[in-house]
Amino acid sequence: MFAPCVWGPTTYGFVLVSFTDCYSYFLCVCISEVTVRQSDLKPCEKDDRVCVTDVRDCGPRRSSSEQRTMNISCFYQMSPRSMTCEWTEESNTESEVSLTFKRNRISSCQRIFNPAAQLNVTAREKNYVMSRDIWSQPHTVVLRNASKPSQPVLTVLGSTADSVDVSWISSSEGSCRLRHRVNHTHTWTQVPDSVPAHRAQILTYRIKDLLPFTIYRAAVTCRQESSIRSEWSSWSPDVTVRTLDRVPSRPPEVCYRVEKTDSGGSLHLHLMWKDLENRDAGDHILGYQVSYKPASEQQPQDSFVQNVTGVTALLVVEEGNCSVTVKALNTAGYGPAANLSIDTQRQNALPSVRKLWVSSSFPAMNGLLVQWESPTAPPSVPPVSHFAVEWCPKPRPSSCCLTTVDSILTSTVIQDVDPDESYLISVFPVYNQQCGSPQSLPASLQQGALLEVVKMKVVGITKTTVTVTWAWQNKSGPVQVNRYRVMLRKDSERQKNVPSFRALFLWPDQMHNHTFLNLNPDTEYSLLLMADNVSRNIIPVRKDFVTVATVIATVTPLLLLAVTVFIISILSRTV
Ligand SMILES: *[C@@H]1O[C@H](CO)[C@@H](O)[C@H](O)[C@H]1NC(C)=O
Ligand SMILES: *[C@@H]1O[C@H](CO)[C@@H](O)[C@H](O)[C@H]1NC(C)=O
Ligand SMILES: *[C@@H]1O[C@H](CO)[C@@H](O)[C@H](O)[C@H]1NC(C)=O
Ligand SMILES: *[C@@H]1O[C@H](CO)[C@@H](O)[C@H](O)[C@H]1NC(C)=O
Ligand SMILES: *[C@@H]1O[C@H](CO)[C@@H](O)[C@H](O)[C@H]1NC(C)=O
């Protein structure tokens with residue numbers, strides 16, 4: 001395979017140099033192409049037999065210069081009067097090039113390019129790295145035999161999803177060939193056929209095996225075959241054309257969730273699917289059509305149809321059986337439909353995911369890491385088939401994106417997020433066609449999850465237990481926290497570098513209280529709220545509180561005993 005190495009065109013003074021058909025294959029072998037217009041030629045004062053593109057070529061050659069056999073070939077073009085010469089170059093470094101044209105007698109450099117002329121062409125290359133002139137041997141050109149066919153012009157007649165029809169007029173007897181490439185790529189594909197051509201003939205060709213809905217560039221060149229030398233014309237200017245679209249090939253994978261509304265009778269039917277748009281595969285989706293039909297309605301006109309551009313839909317439906325279809329639309333039409341048969345009365349309660357958290361290490365990493373744990377489901381619930389992760393920009397809650405995650409995984413990285421936007425991220429467990437209720441968290445690339453732990457406090461102490469509570473609120477400061485933890489540490493061990501503590505990770509969807517059990521009695525503890533490895537809040541678990549609690553705990557049985565004795569004594573007295 002040849003990989004194209006991309007060069008110029010470059011202008012050196014008045015000479016236009018363009019490197020075309022330049023391929024690198026271990027060593028870069030490039031073709032230098034120079035086009036000289038007759039009007040750009042200059043005479044030499046002391047030599048009336050030469051015309052040059054660079055007057056520095058007039059005098060004697062420098063001693064450090066070198067002569068090489070370069071395989072020069074030149075073409076003559078009538079309009080504008082010019083010569084194009086090309087030769088292969090062994091180095092891939094930039095160099096300065098100039099041409100010298102020699103004839104027995106020259107009256108004017110402005111008139112030497114005529115079909116009757118015979119010229120000796122010499123090229124000079126100055127390599128910037130070597131700083132040395134390299135001269136070619138003189139190459140004799142008979143202009144009449146080296147004239148190049150004029151450049152054809154290509155037009156587009158039409159296109160389908162996988163082909164493009166083009167047309168052009170041939171300027172010569174011979175043949176033509178076409179090339180095409182995907183816009184913004186560098187590799188041309190040459191069509192295998194050579195198209196026979198007559199002078200002034202209108203030719204058409206169908207370029208086949210193209211990708212749908214893709215912009216292509218195409219060009220044509222023609223060859224004069226009747227003359228002694230047969231030269232290809234320059235490639236025509238590129239035409240650009242977009243192939244048509246194909247209808248979407250598959251139905252979307254849809255899951256649904258039935259939710260009771262506050263108003264009683266009607267229900268909310270949530271639908272969700274993964275976007276079929278995949279530009280790399282040439283897919284381009286304009287939107288989706290959702291239709292809903294209650295089983296009691298027999299006629300197709302009784303169905304309710306909605307066009308949506310996003311990947312979710314919310315329908316208000318009646319109790320009972322219904323059918324729902326979702327299909328994708330692109331410029332070619334609708335793809336196959338996903339069909340759902342839903343019985344709203346037979347809905348399992350499907351558990352949500354647990355311990356959802358979103359973290360970010362922006363700007364080191366450009367993505368949001370979403371992590372969760374699988375739901376703990378009763379045996380009556382079918383296993384999770386996959387997870388759906390949805391992210392909706394806060395200001396535009398309807399333009400959500402959705403990705404699916406295999407059921408054996410419990411995390412994903414969302415790449416496609418704007419650093420200046422905050423999102424609501426939801427994770428749904430999907431059980432075949434049904435989706436469980438979501439767990440959601442607000443998050444942004446700059447700050448990760450936009451929730452923080454506050455109001456941590458001790459609410460109960462016994463001899464061997466400590467109960468703490470906390471709350472979650474919207475984050476107030478711009479910090480990234482990957483994990484919140486609450487730690488109970490023995491004060492006596494604070495100085496020692498031993499990790500002797502009890503710790504608990506905190507998640508917004510879990511209980512907001514916890515009781516540490518089996519503690520040592522009469523021991524001083526501290527309660528720490530950790531944001532990653534930084535302690536946010538340290539609460540001493542007060543000894544006097546423990547003591548009071550201990551006193552109450554130890555006093556209570558004595559008190560009971562005293563009361564019992566008192567009652568017994570009263571009773572005995574009564575007796
Ligand atoms: C010039 O062309 C001949 C035959 O086409 C080839 O053998 C030779 O290697 C070429 N020389 C250079 C310097 O490219
Ligand atoms: C052109 O070059 C040929 C050999 O390559 C030589 O025989 C001829 O004399 C040259 N003509 C001029 C005008 O220099
Ligand atoms: C949905 O879009 C299609 C195609 O653009 C259109 O024909 C149809 O009328 C639209 N339906 C609704 C309900 O807007
Ligand atoms: C819904 O369909 C099921 C069979 O799929 C049927 O047993 C049930 O009676 C239907 N419910 C209603 C309300 O029609
Ligand atoms: C926090 O500390 C633990 C061990 O003490 C270490 O493994 C972990 O990498 C630290 N995390 C951060 C975010 O510094």
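What you are looking at is a predicted structure, and each value in this text was computed from that prediction instead of being measured. One-based numbering, in listed order, for ligands and for the atoms of each.
A salt bridge does not link R132 with E125: none of the charged nitrogens is closer than 4.0 Å to a carboxylate oxygen. A salt bridge links R354 with E373: at least one charged nitrogen is closer than 4.0 Å to a carboxylate oxygen. A salt bridge links D54 with R124; the closest basic N to acidic carboxylate O contact falls under 4.0 Å.
SG atoms of C44 and C51 are separated by 2.5 angstrom or more, inconsistent with a disulfide link.
Those atoms of ligand 2 with a heavy atom of N104 less than 4.0 angstrom away are 13 (C). When each atom of ligand 4 is checked for a heavy atom of D343 under 4.0 Å away, the hits are 1 (C).
For the ligand labelled ligand 4, residue Q345 lies inside the 4.0 Å heavy-atom shell.
Contacts between N307 and ligand 3 below 4.0 angstrom, taking non-hydrogen atoms only, involve the side chain exclusively. Under 4.0 angstrom from ligand 3, the non-hydrogen atoms of Y334 all belong to its side chain.
Residue, atom and distance of the protein heavy atom nearest to atom 11 (N) of ligand 2 are N120 ND2, 2.8 Å. For atom 13 (C) of ligand 3, the closest non-hydrogen atom of the protein is V305 O, 3.7 Å. Of all protein heavy atoms, the one lying nearest to atom 2 (O) of ligand 4 is N321 ND2, 2.2 Å. Looking at atom 4 (C) of ligand 2, its nearest protein heavy atom turns out to be T140 OG1, 4.5 Å. Atom 5 (O) of ligand 3 has as its closest protein heavy atom L329 CD2, 4.4 Å.
Annotation: cation-pi pair R242/F213 present, NZ/CZ under 6.0 Å from the ring centroid and within 45° of its normal. The side-chain tip of R68 does not point at the ring of W87 from less than 6.0 angstrom away and within 45° of straight on.
The distance between the ring centers of F387 and W372 falls below 6.0 angstrom.
Protein heavy atoms are absent from the 4.0 Å sphere centred on atom 7 (O) of ligand 4.
Legend: residues meeting salt bridge (Lys or Arg N to Asp or Glu O under 4.0 Å) with R103, ordered by chain and number and at least two apart, are absent.
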